[in-house]
Amino acid sequence: MDQTEKQLDKKERAKERREKRRQEISLLRSIPYSGNQRWWSAETIAVVTGANRGIGFEITHQLASQGITVILTSREVAVGEESAKVLQEGGLDVGFHQLDIVDDESISSFCGWVKEHYGGIDILINNAGVNHNIGSDNSVEAAETVINTNYYGTKKMIKAAIPLMRPSAQGARIVTVSSRLGRLNGKRNRISDDGLRQRLEDIDNLSEELIDATLTKFLEQVKDGTLTSGGWPQTNTDYSLSKLVVNAFTRVMVKQLSNRPESEKIYINCYCPGMVKTAMTGWAGQVTPEEGADTAIWLSLLPDQAVSGKFFAERSEIHF
Ligand code: NDP
């Protein structure tokens with residue numbers, strides 16, 4: 001077998017593995033949670049960011065279909081209300097509130113409203129995100145918006161929600177929609193500076209300061225045109241880096257949350273939904289929004305949630 005044939009063979013096998021996993025998950029999704037697995041009720045409150053469309057809308061739909069009260073949030077009021085109405089008309093317990101994760105006032109007013117109307121949050125899904133490149137485009141023109149939304153917005157939302165997360169025997173849950181494109185040690189598309197990669201992987205010394213310094217350097221290089229010498233991810237550069245730091249932040253948060261009392265535990269994880277047919281990908285990809293939402297639902301509802309600070313895809317742990 002020559003090199004090209006070997007590569008084709010490898011691709012073919014990877015495709016088969018993916019298809020097999022899709023079928024397994026489709027079967028798993030058809031099995032309802034049993035009574036003793038269902039720790040949640042209509043009193044359980046979930047919040048989904050960027051839920052007016054795509055994966056966020058579907059996560060809202062699936063959580064609400066499990067009998068949870070879900071707050072669909074959207075930065076545009078009219079659009080969000082319309083999306084919530086679709087689910088409400090289907091008989092689901094879905095509320096709506098405006099929420100723009102890059103806007104401090106919006107976050108603060110949302111949190112005040114949740115506290116007043118629902119008393120707190122049990123599940124937070126950080127889904128809101130942007131990618132200004134489709135397909136093989138790789139412009140960094142919108143790098144600042146991408147980093148601000150995907151990383152700083154998500155981080156702000158998590159920090160604002162933590163004081164609202166309710167104590168429970170099962171623990172509150174935070175799930176962030178990330179991407180394999182942000183893998184630290186993937187074979188392709190990784191940061192080429194070994195030292196920086198090692199520092200970003202060293203959990204004991206990983207910090208918000210290191211993440212900030214990495215992003216500051218990246219954005220400076222975007223501005224002064226020296227980006228290509230930086231060794232940043234080659235595909236969807238700004239987006240990949242934004243997801244890489246979201247993953248790193250997940251691990252930083254585990255450390256910050258680790259000393260909470262047993263009754264006030266908060267578990268935080270992130271996952272990659274696969275390449276999902278949504279506006280973000282120009283409706284390309286092999287995965288439907290229903291399938292893309294699945295691991296978020298699975299992680300949110302794990303009956304025995306001892307897992308925290310991990311990265312998942314298709315209901316399995318993967319490497320950061
Ligand atoms: P969409 O573009 O369909 O949805 C993105 C959502 O995020 C929209 O509701 C959008 O609102 C919202 N959003 C953007 N910025 C903000 C903000 N500042 N505040 C609040 N909401 C905001 O894409 P997807 O559904 O595909 O993406 C959802 C998540 O999944 C993203 O985090 C994405 O990075 C991630 N992901 C997607 C993959 C895919 O293949 N589709 C693969 C891996 C990860 P609006 O409608 O107002 O723009």
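Note that this is a predicted model, so its numbers are computed, not measured. Counting starts at 1 for both ligands and their atoms, following the listed order. Computed over heavy atoms, backbone and side chain alike; hydrogens, waters and symmetry mates excluded.
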Evaluating non-hydrogen atoms only, which member of [options] is closest to [atom]?
{"atom": "atom 2 (O) of ligand 1", "options": "R75, R53, K277, E76", "result": "R53"}
{"atom": "atom 44 (C) of ligand 1", "options": "G274, S178, C272", "result": "S178"}
{"atom": "atom 17 (C) of ligand 1", "options": "T278, D100, V146", "result": "D100"}
{"atom": "atom 20 (C) of ligand 1", "options": "L99, V102, I107, N131", "result": "L99"}

Without hydrogens or angle criteria, can the side chains of [X] and [Y] be said to hold a donor-acceptor pair below 3.5 Å?
{"X": "N236", "Y": "N138", "answer": "no"}
{"X": "E43", "Y": "T69", "answer": "no"}
{"X": "N52", "Y": "S83", "answer": "no"}
{"X": "T226", "Y": "D224", "answer": "yes"}

Determine, using heavy atoms of [X] and all atoms of ligand 1, whether some pair is separated by less than 4.0 Å.
{"X": "G153", "value": "no"}
{"X": "K243", "value": "yes"}
{"X": "V130", "value": "yes"}

More than 12 heavy atoms of other groups within 6.0 Å of K255 NZ: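 Yes, NZ of K255 has more than 12 neighbouring heavy atoms, counting only those of other groups under 6.0 Å.
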Can you confirm whether K85 is buried at NZ, in the sense that more than 12 heavy atoms of other residues, nucleotides or ligands lie under 6.0 Å from that atom?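 For K85, atom NZ is not crowded (no more than 12 foreign heavy atoms under 6.0 Å).
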Report yes if some N/O of P273 lies less than 3.5 Å from some N/O of ligand 1; otherwise report no.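 No.
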Closest non-hydrogen protein atom to [atom], residue and atom name please, with distance?
{"atom": "atom 34 (O) of ligand 1", "value": "Y239 OH, 2.6 Å"}
{"atom": "atom 32 (O) of ligand 1", "value": "N127 O, 2.7 Å"}
{"atom": "atom 12 (C) of ligand 1", "value": "G50 CA, 3.7 Å"}

Check each heavy atom of [X] against ligand 1 and say whether those closer than 4.0 Å belong to the side chain, the backbone, both or neither.
{"X": "I55", "value": "both"}
{"X": "F57", "value": "neither"}
{"X": "V276", "value": "both"}

Check whether the ring centres of W40 and Y33 lie less than 6.0 Å apart, and answer yes or no.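 Aromatic pair counts; centres sit under 6.0 Å.
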Tell me whether R197 is salt-bridged to D194, with the criterion being a basic N under 4.0 Å from an acidic carboxylate O.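 Answer for the salt bridge query: yes.
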Is a side-chain donor or acceptor of S316 paired with a backbone partner of F312 at a separation under 3.5 angstrom?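 Flag not set: sc S316 to bb F312 has no pair under 3.5 Å.
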Counting N and O atoms only, with roles assigned by atom type, does the side chain of R22 sit under 3.5 Å from a partner on the main chain of Q286, one being a donor and the other an acceptor?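 Yes, the answer is positive, given that a donor and an acceptor are paired below the 3.5 Å cut-off.
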In ligand 1, which numbered atoms sit nearer than 4.0 Å to a non-hydrogen atom of I101?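 Checking each atom against I101, I get 17 (C), 18 (N), 19 (N), 20 (C).
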